[in-house]
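In the text below, chain A, chain B and the rest are named by the order of the sequence lines, each starting its count at 1.
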Number of protein chains: 2
Amino acid sequence: MLNLDQLSAFVSVIDLGSFTAAADKAGLTQPAISLQVKLLEQRLGVRLIERVGRRAQPSPAGVELLLHARRILEDCSAVHEAMMPYREGSVGRVRIGSGGTASIHLLPRAIAAVKKRMPGLEIIVRIGNTEDILRDLEANALDLAVVVLPAAGRSLEVEPFYEDELLAVAPKGSHMPKDGPGTDFLKDKTFLLYEGGNTRRAIDEWFASDGIRLKPAMEFGSVEAVKELVAAGLGWSLLPGLALQRDRSDHLETSPVKPRLTRQLGMVLRRDKHLTRGLREVINCLREFRS
Amino acid sequence: MLNLDQLSAFVSVIDLGSFTAAADKAGLTQPAISLQVKLLEQRLGVRLIERVGRRAQPSPAGVELLLHARRILEDCSAVHEAMMPYREGSVGRVRIGSGGTASIHLLPRAIAAVKKRMPGLEIIVRIGNTEDILRDLEANALDLAVVVLPAAGRSLEVEPFYEDELLAVAPKGSHMPKDGPGTDFLKDKTFLLYEGGNTRRAIDEWFASDGIRLKPAMEFGSVEAVKELVAAGLGWSLLPGLALQRDRSDHLETSPVKPRLTRQLGMVLRRDKHLTRGLREVINCLREFRS
DNA sequence: ACAAAAGAATTCCTTATGGATTGCATTATT
DNA sequence: AATAATGCAATCCATAAGGAATTCTTTTGT
């Protein structure tokens, strides 16, 4: 029978290019690693590592073994993940990835609801741009993503669950058309935009459908920053309704635009994801927003 | 880290429905299997086997683990399969670096001989100048170099294996002294030379030993080109005998020079190189030329 | 038929040591 | 002065011997 410690040692040596480095990483001494690799080589009857000069390189057989070994080791760590939900005592853990806006305004409410039902559940939220989040999701470093759609990915399943309207935002006292400002009305305003990925794209498309190309005065990575700047009278903006709920009506004038401009927030999971109870709860709580 | 023996024991117990049976199959005693499964349960923090009545059945977590475990164990046995060809030496790879002349005229014959003995062997030949080849050899990007000597390098081992004579080559019908042309005879001829590194150097030294400094009319990177030009009557040349074996005697006059001028071809390996069966075969086949 | 405990055997790790190569500095040479 | 050669120190891996830890067996109990 093969031995996972030996496989792991072998992979580590190749990755780090040195027996000594692999030993340090594993918290062992160099002879231990040497022995592991040697035993593996004996068991397989093949030379796996070319000890040549100062560098350790895989032999042809070693290259082939690497492919298998990496997969096996990954599967083994996946086992721990898979057993997590069955564990007694630990209620579980849900790792959520999210874009900035949703994480500030939507997730806290959903998480609060989940926590009420499953107090022990550990919830981790990672903020990032859609691209990074989805990559981590595919790598199973995240359990669930909450992002602005569209979201692509062969192994991913997308469920839209919230339609967020983008609102025109102006300093208090600005003239705001009754039935909402259109592209014509807005095109000459000074614009401060949130430089989010899909949100920003939706805004550009909205203007572009009337043949207008927007040249924003400034772009910011933070919605809150844009809000403050608009409140200070520095210009107009188009911001997610979500971000405007904790009303700054004392300093801001807000209105839907014409035609209305919305963006879809969606939950994204790996298609083959095993649903733990915690994850199911989170999904259900997010669905509450669907109304 | 997971343990494959434990996984295997667990799967076996489920498959056979009994600890004792699993123990027999594994050639161990029953407590050993009990312990393995217990340790696995402890490590995963999950109960895996429901000991109910006479039959051992998997818990829900056990069912899930079975899926993973079977796959992992299969992959592990696939590893043995995958290593088999390398183990028997029927598969392998030899990366040879070579100067141009040897690679065209010597290597094909040696490779053909090796292939006859080890049909599965993968042979890669990289052409380049001596310097590049030797650098790659030191970096272990090549297994063997076949170059014109001398070849330096602290970590390299050199074995001369073929003495190649440089022949004077003239257009058909040229006057060629009976006992071979000397420097005196050749110094006034129009010369077309092959701009190889060590070969070219050997020629310069040959003339220099009689105090003559050669001013070749043209230099070419290809021996074949020089041959064609000489055949077309454009001048004389000194070329490796190896390159003249596929006789162009219908258009060329060839003769040893006086004193005879030879260059050594050598095999070069890293001093600490591990000899695979394939590499040994290649070396042996090259030695056949030594006669 | 499985679990638990104690002793035995094996495995695996650490320490110590030696061989080999590499990188750097020093020295000799053209 | 620049280049090549030499010598030294450092680094890395292999091996051997002793010791710690794991794992198996035997025995016994539920």
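A side-chain donor-acceptor contact under 3.5 Å links A:R51 to the backbone of A:I49. A distance-only check finds no donor-acceptor pair linking the side chain of A:K25 to the backbone of A:V13 [under 3.5 Å]. For B:R290 (side chain) and B:Y162 (main-chain N/O), no donor-acceptor pair under 3.5 Å exists by modelled atom type. With B:Q30 contributing its side chain and B:A22 its backbone, the two residues share no donor-acceptor pair below 3.5 Å. A side-chain donor-acceptor contact under 3.5 Å links B:R271 to the backbone of B:R154. Looking only at distances, no side-chain donor or acceptor of A:R126 sits under 3.5 Å from a matching main-chain atom of A:A141.
Taking atom CZ on B:R270 and atom C1' on D:dC12, their separation rounds to 13 Å, with Å as the unit. Taking atom NZ of residue B:K273 and atom P of nucleotide C:dA20, one finds them 18 Å apart after rounding to whole Å. When rounded to the nearest whole Å, the span between CG of A:L39 and P of D:dT15 equals 12 Å. B:I49 has its CD1 atom 16 Å from the P atom of C:dA1, to the nearest Å. Put simply, CD on A:E50 is 16 Å from C1' on D:dA14, counting in whole angstrom units. Taking atom CG of A:L4 as the reference point, atom P of C:dC12 lies 12 Å away to the nearest angstrom. Separating the CG atom of B:D5 from the P atom of C:dC12 is a distance of 9 Å, rounded to the nearest angstrom. As a whole-Å value, the separation of B:Q42 CD from C:dA3 C1' is 13 Å.
Listed here is the closest heavy atom pair of B:L192 and B:V226: O-CG1, 3.6 Å.
Residue pairs that meet the side chain to side chain donor-acceptor pair (under 3.5 Å) test with at least one member in residues 108-123 of chain B, sequence neighbours left out, are B:R109-B:Q245, B:R117-B:E281.
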What nitrogen or oxygen pairs link the protein and nucleotides 6-11 of chain D at under 3.5 Å?
from	atom 1	to	atom 2	distance (Å)
D:dT11	O4'	A:R54	NH1	3.4

Using the rule given for side chain to side chain contact (heavy atoms under 4.5 Å, CB included), can you reason through A:L4 versus B:N3, listing the C-alpha separation, both sets of side-chain angles and the distance that settles it, and then say yes or no? CA-CA 7 Å; A:L4 289 178; B:N3 182 322; over 6 Å; no
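For A:P58, the side-chain contact (heavy atoms from CB on, under 4.5 Å) criterion is met by A:I14, A:V63, not counting sequence neighbours.
At the phosphate of C:dC12, OP1 or OP2 sits under 4.0 Å from a side-chain N or O atom of A:N3. For the pair A:R51 and D:dA14, the criterion of a side-chain N or O lying under 4.0 Å from OP1 or OP2 is met. Regarding contacts with the backbone of D:dC13, every side-chain N or O of A:K38 stays at 4.0 angstrom or more from both OP1 and OP2.
Using a 4.0 Å heavy-atom cutoff across all strands shown, A:R55 reaches no nucleic acid atom at all.
Only one option out of B:I133, B:V268, B:V282 pairs with B:L144 in a side chain to side chain contact (heavy atoms under 4.5 Å, CB included); it is B:V282.
Heavy-atom distances under 4.0 Å link DNA chain C to no residue of residues 9-23 of chain A. Within a heavy-atom distance below 4.0 Å of DNA chain C, the residues of residues 25-36 of chain B found are B:Q30, B:P31, B:S34.
Side-chain contact, B:E50 with B:S59: no donor N or O sits under 3.5 Å from an acceptor N or O.
In this structure, the helix from C:dA1-D:dT30 to C:dT30-D:dA1 shows an angle of 40° between the axis at its start and the axis at its end, each fitted on 5 base pairs and rounded to 10°.
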